[in-house]
Amino acid sequence: RLRKWQRRIRISNATERNLAFALSELDRMASALGLPKSVRETAAVIYRKAVDKNLIRGRSIEGVVAAALYAACRQAGVPRTLDEIATYSRVDRKEIGRTYRFIARELGLKLMPTSPADYVPRFCAALGLSGDVQKKAIEIIKKAEEKELTSGRGPTGVAAAAIYIASILGGERRTQREVAEVAGVTEVTIRNRYKELAERLGIEIIL
Amino acid sequence: MKKDYKIKIENVVASTQIGENIDLNKIAKEVKDAEYKPKQFPGLVLRTKEPKAAALIFRSGKVVCTGSKSVEDANRAVRQVVKIISELGIPVILEPEVKVQNIVASADLGVDLNLNAIAIGLGLENIEYEPEQFPGLVYRLDKPRVVVLIFGSGKMVVTGGKNPEDAVKAVERIAEELSALGLM
DNA sequence: GCTTTAAAAAGTAAGAT
DNA sequence: ATCTTACTTTAGAAAGC
């Protein structure tokens, strides 16, 4: 009986130690990614739910922390790409992605895929673009979604192409290379997407 | 009039038992195009050209055959592998019972699809759609127990079925569901 | 969990030309 | 800029780490 009691203490110590480690890891990543406290808290709640449902089994604490952060960012409408999350994690993008899919399903986090529009404010800010261009880019994305030409396309690629077009239309032109760098996609992808958007939305682009 | 969904079997995975204690080293030495790297993987790889397939042969005598475009081709490929090994003087079962483990098929609904709308229509709890990671929407069915990858082009991939009929049923069911939802 | 096999879908990526 | 090759996802079996 005393054994049983000691075992409980040992387990709770380990549980607390793991939780403390997870929360410090969460704080470290959130700070590095410049995320607001509200997102950190949402991620912490998701992480605790995952622990309560024993979803950590067979997975690293760091992987679940990274996945919880990724989910929290999306839920808050301020998405970070898996590549950005992976940059500050010991876990690779592929593992964070599959852990995210797993906990999202198990915790019933019914999240729609990220809209390219959610990346616009952050990408435009990084490019020093005006609110006017930002508005224009979001407008282009809305039309693209209505005309169903975003199915299966990466949200960042669509966002990058819309911003590229908007920057030209707004007289604040950025090069494909500059936009590609902040969006984390290649110039080839921006080229493919923007040609498609311009053509199917009837936008004239004078280079 | 039934629509033509262009259902095509792309790959058949089957397994069998052709004997026991197979001498893989001997096969590797005598058969020129055999690949055997026991440190990397316990199975020896033997490829057939007609029908085109790849067989993984294990010391236990178990064999996995993949790459066939039909169940019959999988059987033909296994017969060829058995023949090749028996001609090396290794005792094998000449007509082993081949069991289909998985069939991968492709299909085409013929219309572009709005995957976001489908994700909502079929229920976020039943599907997986993460365009940042993969362009296809993943839909797991219970009735034929298969997994279907649905793309914006209307094309899809059905996998996990054991009978060619599973793929046909899955495609027809999805077409019905999407039509009922007005998403096709 | 991983390793190896094969094949399709469509998007994205990387290196070569 | 365009081509080629390659990697992402799905399922399943095999023997062993």
Side-chain angles (χ1 to χ4, degrees), chain A residues 57-60 63 82-83 93-95 97-98 101 150-158 160 176 180 183-193 195-196, chain B residues 6-18 22 24 35-48 51-69 73-74 77 98-109 112-113 115 128-141 144-162 166-167 170:
Chain A
R57 287 186 184 182
R59 264 165 277 271
S60 68
L82 284 174
D83 279 326
R93 165 201 159 107
K94 190 173 170 181
E95 180 57 26
R98 51 175 75 181
R101 278 180 259 152
T150 56
S151 276
R153 271 98 207 211
T156 52
V158 175
Q176 291 179 3
V185 297
T186 63
E187 294 166 80
V188 177
T189 294
I190 291 190
R191 216 168 284 142
N192 292 334
R193 296 292 137 252
K195 284 178 181 170
E196 187 173 63
Chain B
K6 302 178 178 61
I7 299 173
K8 179 187 177 191
I9 292 180
E10 305 284 0
N11 183 28
V12 174
V13 180
S15 62
T16 24
Q17 172 92 34
I18 65 170
I22 305 290
L24 301 182
E35 271 177 48
Y36 185 41
K37 298 178 180 177
K39 333 230 64 171
Q40 185 175 113
F41 188 70
L44 177 150
V45 184
L46 242 192
R47 290 162 217 279
T48 58
K52 187 185 177 191
L56 302 179
I57 304 162
F58 299 84
R59 195 175 56 225
S60 64
K62 298 268 187 76
V63 171
V64 172
C65 178
T66 64
S68 300
K69 293 292 186 189
D73 278 356
V98 178
K99 184 182 182 189
V100 174
Q101 301 288 356
N102 182 30
I103 291 180
V104 181
S106 60
D108 188 356
L109 294 179
D112 281 3
L113 304 170
L115 301 184
E128 247 182 39
Y129 175 42
E130 294 293 330
E132 184 190 338
Q133 301 176 58
F134 187 69
L137 180 154
V138 183
Y139 188 28
R140 287 158 205 282
L141 300 194
R145 184 158 214 77
V146 300
V147 173
V148 184
L149 305 181
I150 305 173
F151 298 84
S153 63
K155 296 212 175 143
M156 37 199 221
V157 172
V158 184
T159 186
K162 306 267 193 216
D166 288 343

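Proteins get letters first, then strands, A, B, ... in listed order; numbering begins at 1 in each.
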Please determine if a side-chain N or O atom of A:Arg191 lies less than 4.0 Å away from the OP1 or OP2 oxygen of D:dT2.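 Looking at the OP1 and OP2 atoms of D:dT2, neither is under 4.0 Å from any side-chain N or O of A:Arg191.
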
Any-strand Watson-Crick or G-U partner of [N], both distances under 3.5 Å:
N	result
C:dT17	D:dA1
C:dA10	D:dT8
D:dC17	C:dG1

How far apart are the closest heavy atoms of [X] and [Y], and which atoms are they?
X	Y	answer
B:Lys162	B:Gln101	NZ-O, 3.0 Å
B:Ala74	B:Val12	CB-CG1, 4.1 Å
A:Ser151	B:Leu115	OG-N, 2.9 Å
A:Val185	A:Ala160	CG2-CB, 4.1 Å

Describe the nucleic acid contact of [X] in one word from base, sugar-phosphate, nothing, applying a heavy-atom distance below 4.0 Å.
X	result
B:Gly154	nothing
B:Lys37	nothing
A:Arg98	sugar-phosphate
A:Arg101	sugar-phosphate
A:Lys94	sugar-phosphate
B:Ser68	nothing
A:Val185	sugar-phosphate
B:Lys52	sugar-phosphate
B:Gly136	nothing

Let me know the distance between [atom1] of [X] and [atom2] of [N], rounded to the nearest Å.
X	N	atom1	atom2	result
A:Gln176	D:dA1	CD	C1'	11 Å
B:Leu149	D:dA11	CG	P	9 Å
B:Leu115	D:dT9	CG	P	18 Å
B:Tyr129	D:dT10	OH	P	16 Å
B:Arg145	D:dA11	CZ	P	11 Å
B:Ile103	D:dA11	CD1	C1'	11 Å
A:Arg93	D:dC7	CZ	C1'	10 Å

Below 4.5 Å, heavy atoms only, C-beta onward: do [X] and [Y] meet side chain to side chain?
X	Y	answer
B:Val13	B:Asn11	yes
B:Glu35	B:Arg47	yes
B:Ile9	B:Lys69	no
B:Ile103	B:Asp166	no
A:Arg98	B:Gln133	no

Mind checking the [atom1] distance from [N] to [M]? Whole angstroms is fine.
N	M	atom1	value
D:dC7	C:dT3	P	12 Å
C:dT12	D:dT9	P	16 Å
D:dT10	C:dG1	P	11 Å
D:dC3	C:dA7	C1'	23 Å
C:dA8	D:dT2	C1'	25 Å

Does anyone know the first and last nucleotide of DNA chain C in reach of chain B, 5' to 3', at under 4.0 angstrom to a heavy atom?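 For DNA chain C, the relevant span reads C:dT3 to C:dG11.
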
May I ask you to check whether over 12 heavy atoms, not counting those of A:Arg191, lie within 6.0 Å of atom CZ?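 Enclosed.
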
Closer to the 5' end of DNA chain C via nearest nucleotide, is it B:Glu35 or B:Val157?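 Looking at DNA chain C, the more 5' nearest nucleotide goes with B:Glu35.
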
Reading DNA chain C from 5' onward, which residue's closest nucleotide shows up sooner: B:Phe134 or B:Val45?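 Result of the comparison: B:Val45.
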
Do any N or O atoms of the protein come closer than 3.5 Å to N or O atoms of nucleotides 12-16 of chain D, and which pairs are they?
from   : atom 1 : to      : atom 2 : distance (Å)
D:dA15 : OP1    : B:Ser60 : OG     : 2.5
D:dG16 : OP1    : B:Arg59 : NH2    : 2.6

Side chain to side chain donor-acceptor pair (under 3.5 Å) against B:Glu128, all qualifying residues, sequence neighbours excluded: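 Applying side chain to side chain donor-acceptor pair (under 3.5 Å) to B:Glu128 gives none.
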
